[in-house]
Asker: 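Dropping a structure here in structure tokens format, bear with me for questions.
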Amino acid sequence: MRTSGESPARDSRPHDGRTRAVVLGGGMAGLLAAAVLVRHVDEVVVVDRDLMPAGPLPRKGLPQARHAHLLMSGGARAVESLLPGALDGWVSAGARMRALPTGLVALGPGGWFPRWPGAQYLLACTRDLLDLVVRARVLALPGVVLREGTEAVALLGDVRRVTGVRVRDAGTGTAETLEADLVVDASGRGSRAARRLTELGLPVVHEETVDSGLVYATRIFRAPPESERFPVVSVQADPRLGGPGQGAVLVPVEGGRWLVTTSGTRGGEPSGEAGEFEPFLRALRDPLIADLIARAEPLTEVALTRSTVNRRRFFERLPAPPEGFVAMGDALATFNPVYGQGLSVAAQSAVVLRDALARRGVRAPGLAPDLQRRLARTASGPWDLATGEDINYPGAIGAPPPAAAKLLRGYFQRLMRTAPGDPVVLKALMDVMTLSAPLTELLRPSVALCVARGPGRAGRGGPPITASELALCGLPPR
């Protein structure tokens, strides 16, 4: 069926015997999928509605990029294994590596975390820079083709197999069919994959959402001179307080700037008004971030985002998932961004894709259904962590967690209060939060014993920020 104003479709098929994969979405998940797929097919076509910027600049289809994005060490290692040299590329472009918890000044539910040496780290920079470095490396790979300014309008095939995608040029309206051995939907939060599968005759994909009503507000400031080694600063919400969850993070990013993101759940949302930005920070559990930016020059207005719902689509639960199609990244599961898991989950999902293709090949029978189950398992731990916390804030919308999840939440809350004073628990927490270890790491007997003993007195003092760090901002020692 032709859409009004649309040009007739033309076919685009690989040459005889050639293989092709189509990736929907040119964000982090889609680009990493393309980097994997091009080793197994002759051509990978990446389809994205946006026109990609030439530099580390925002694009229309990724409005959440304006807010803080932290690539954790588990995700960074995954990207490096797929694109060797990516980590050096980010750092040379201005990204900051911060050891954890050494390079972090963080107030958690149990108090301030100590800045002990550790094996994990995070990468601090803008989301635009993260994408730019990966995009440049992936598009330089022979066989990868970017179709920008192009939107997917339908899947081709039937209930047994997806055979390609119907796309349309967003400018001219010209339609085209792209046949493919495998279609990967990595088109993000707004993915229409579930609906397109029902258009082929498949059952409705089960979906779950948990919405805490979180709102993000972000502003960028000029960093003080000589602050290149300044830590990431975080003031987290405390679910035990019973009110809205409010917090903020200050991230040193490229270009001598500080990116400050505030957040608040339903009933405690930040404002988009510039005059209310610092007062919101000052009213948090500790006013440290407000103090740090009090004399800093604002470089932008306040950017506000309300699209923070946790959403999971259970493609793997279809009675007979089709061959030739998988969903990954935010098209499969989106997480409240406050937990900093989305980018790392996308990277680790690409590793799952790599390992599956190495074992079986892109045309192997049963590949897609098995791969979809493996991708779902990769998202399960981060999903449980995010939704287990979000559902408990006032006004949260979503199904109540099962009894087992409630027990786990009680354990996790005690663990968070214990971590500031116990190196065994803190190490396990850093390993899990950076996606360097599975959630079960927090249940190891040695960790559980420390959690059972409970929190000590550590973490009850002031923030572990040094006098020299405060002096950079013109502040006296605390």
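In this chain, residues are counted from 1 in sequence order. These numbers come from a predicted model, not from an experiment.
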Asker: Any chance you could measure M52, atom CE, to L57, atom CG, to the nearest 0.5 Å?
Answerer: 13.0 Å

Asker: How long is the gap from NZ on K427 to OG on S446, to the nearest 0.5 Å?
Answerer: 9.5 Å

Asker: Less than 4.5 Å apart, any side-chain heavy atom of V249 and any of V233?
Answerer: no

Asker: For a 4.5 angstrom cut-off between non-hydrogen side-chain atoms, does V167 reach V153?
Answerer: no

Asker: Going through the distances and angles, do L357 and L367 end up as a side chain to side chain contact (heavy atoms under 4.5 Å, CB included)?
Answerer: CA-CA 8 Å; L357 292 177; L367 169 71; 3.7 Å; yes

Asker: Under the criterion salt bridge (charged side-chain N to carboxylate O under 4.0 Å, His left out), which of R168, R166, R147 is the partner of E176?
Answerer: R147

Asker: Using only atom types and a distance under 3.5 Å, with no angle test, would you say the side chain of Q236 pairs donor to acceptor with the backbone of G247?
Answerer: no

Asker: With D384, which residues qualify under side chain to side chain donor-acceptor pair (under 3.5 Å), at least two apart?
Answerer: none

Asker: Answer yes or no: is there a side-chain heavy-atom contact under 4.5 Å between E208 and F314?
Answerer: yes

Asker: Is there a donor-acceptor pair closer than 3.5 Å between any side-chain N or O of E80 and the backbone N or O of L87?
Answerer: yes

Asker: Would you find a donor on one side and an acceptor on the other, under 3.5 Å apart, between the side chain of W90 and the backbone of L130?
Answerer: yes

Asker: Would you mind reporting whether P319 and P203 have side-chain heavy atoms less than 4.5 Å apart?
Answerer: yes

Asker: Does a salt bridge link R59 with D48, judged by any charged N lying under 4.0 Å from a carboxylate O?
Answerer: yes

Asker: For the side chain to side chain contact (heavy atoms under 4.5 Å, CB included) test, which of V183, V165, V145, L178 pairs with V47?
Answerer: L178

Asker: Can you tell me how far the CG atom of D158 sits from the CG atom of L200, to the nearest 0.5 Å?
Answerer: 7.5 Å

Asker: Evaluate whether atom CZ of R189 has more than 12 neighbouring non-hydrogen atoms of other residues, nucleotides or ligands under 6.0 angstrom away.
Answerer: yes

Asker: Quick one: does any side-chain atom of E179 pair with a main-chain N or O of G164 as donor and acceptor, under 3.5 Å?
Answerer: no

Asker: Does the side chain of F230 reach to within under 4.5 Å of the side chain of R96, using non-hydrogen atoms?
Answerer: no

Asker: List the residues meeting side chain to side chain donor-acceptor pair (under 3.5 Å) with D128, not counting sequence neighbours, and say none if there are none.
Answerer: none

Asker: Just do the side chain to side chain contact (heavy atoms under 4.5 Å, CB included) check on V23 and L37 with the steps written out, would you?
Answerer: CA-CA 9 Å; V23 177; L37 287 162; 3.7 Å; yes

Asker: Would a 4.5 Å heavy-atom cut-off, applied to side chains only, mark M416 and L429 as touching?
Answerer: yes

Asker: For residues S212 and T265, is any side-chain donor paired with an opposing acceptor at under 3.5 Å?
Answerer: no

Asker: Who pairs with A193 by side chain to side chain contact (heavy atoms under 4.5 Å, CB included), at least two apart in sequence or on another chain?
Answerer: D185, S191, F315, F325

Asker: Go through it in stages, so that I can follow the logic: the residues are R359 and D355, the test is salt bridge (Lys or Arg N to Asp or Glu O under 4.0 Å), and I'd like the CA-CA distance, side-chain angles, deciding distance and then a yes or no.
Answerer: CA-CA 6 Å; R359 287 191 304 269; D355 294 345; 5.3 Å; no

Asker: Go through the steps for V105 and L250 under the test side chain to side chain contact (heavy atoms under 4.5 Å, CB included), then give the verdict.
Answerer: CA-CA 10 Å; V105 175; L250 182 155; over 6 Å; no

Asker: Does R229 have more than 12 heavy atoms from other residues, nucleotides or ligands lying within 6.0 Å of its CZ?
Answerer: no

Asker: Answer yes if the side chains of R77 and Q120 hold a donor-acceptor pair under 3.5 Å, and no otherwise.
Answerer: yes

Asker: Which atom pair, heavy atoms only, marks the closest approach of V447 to V425?
Answerer: O-CG2, 4.1 Å

Asker: For R444, is the CZ atom crowded, meaning more than 12 foreign heavy atoms sit under 6.0 Å from it?
Answerer: yes

Asker: Verify the distance criterion only: is there a donor paired with an acceptor across the side chains of T163 and R161 at less than 3.5 Å?
Answerer: no

Asker: Assess whether side chain to side chain contact (heavy atoms under 4.5 Å, CB included) is satisfied between V309 and V210, documenting all intermediate values.
Answerer: CA-CA 6 Å; V309 62; V210 174; over 6 Å; no

Asker: In terms of side-chain heavy atoms, does D181 have a donor or acceptor partner in T19 at a distance below 3.5 Å?
Answerer: no

Asker: If you measure from CG on L122 to CG on L104, what distance do you get to the nearest 0.5 Å?
Answerer: 7.0 Å

Asker: Which atom names give the shortest non-hydrogen contact between C125 and A95, and what distance separates them?
Answerer: CB-CB, 3.7 Å

Asker: Between T308 (side chain only) and L214 (backbone N and O only), is there a donor and an acceptor less than 3.5 Å apart?
Answerer: yes

Asker: Please enumerate all residues that pass side chain to side chain donor-acceptor pair (under 3.5 Å) together with D390, with sequence neighbours excluded.
Answerer: N310, N336, Y339

Asker: Around R115, counting heavy atoms of other residues, nucleotides and ligands shown, do more than 12 lie under 6.0 Å from its CZ?
Answerer: yes

Asker: So which atom in V326 and which in L375 form the shortest heavy-atom distance, rounded to 0.1 Å?
Answerer: CB-CD1, 4.3 Å

Asker: Between P231 and P252, what is the shortest heavy-atom contact and its length?
Answerer: O-CG, 3.7 Å

Asker: Just how far is it from atom CG of L415 to atom OG1 of T418, taken to the nearest 0.5 Å?
Answerer: 6.5 Å

Asker: Could you report the tightest heavy-atom contact between T434 and D431, atom names first, then the distance?
Answerer: OG1-O, 3.3 Å

Asker: How many angstroms lie between CD in Q341 and OG1 in T334, if you round to the nearest 0.5 Å?
Answerer: 11.5 Å

Asker: If only atom types and distance count, is the side chain of R414 paired as donor or acceptor with the main-chain N or O of V451 below 3.5 Å?
Answerer: yes

Asker: Among all residues two or more places apart in sequence or in another chain, which pass the side chain to side chain contact (heavy atoms under 4.5 Å, CB included) test with A333?
Answerer: R312, F335, A379

Asker: Would a distance-only check, ignoring hydrogens and angles, find a side-chain to backbone donor-acceptor pair under 3.5 Å from R354 to A35?
Answerer: no

Asker: Which pair of heavy atoms, one from P322 and one from L318, lies closest together, and at what distance?
Answerer: CD-CD1, 4.3 Å

Asker: Return yes if some donor-acceptor pair links the side-chain N/O of R360 with the main-chain N/O of A358 below 3.5 Å, else return no.
Answerer: no

Asker: Could you check if a side-chain atom of F113 sits within less than 4.5 angstrom of a side-chain atom of L426, using non-hydrogen atoms only?
Answerer: yes

Asker: Strictly distance-based, threshold 3.5 Å: is any side-chain N or O of H69 a donor or acceptor partner for the main-chain N or O of H67?
Answerer: yes

Asker: Given salt bridge (Lys or Arg N to Asp or Glu O under 4.0 Å), test E207 with R311 step by step and report yes or no.
Answerer: CA-CA 7 Å; E207 181 177 294; R311 174 175 285 107; 3.0 Å; yes

Asker: Please identify each residue that fulfils side chain to side chain donor-acceptor pair (under 3.5 Å) with R196, with sequence neighbours left out.
Answerer: none

Asker: So that I can tick it off, tell me whether E316 and R373 are bridged by a salt bridge, with the cut-off set at under 4.0 angstrom between side-chain N and carboxylate O.
Answerer: no

Asker: A side-chain contact here means heavy atoms from C-beta on lying under 4.5 Å apart; do V251 and T261 qualify?
Answerer: no

Asker: Are R18 and E43 within salt-bridge range, i.e. N to O under 4.0 Å?
Answerer: no

Asker: Backbone N or O of R374 within a donor-acceptor pair of the T378 side chain at under 3.5 Å?
Answerer: yes

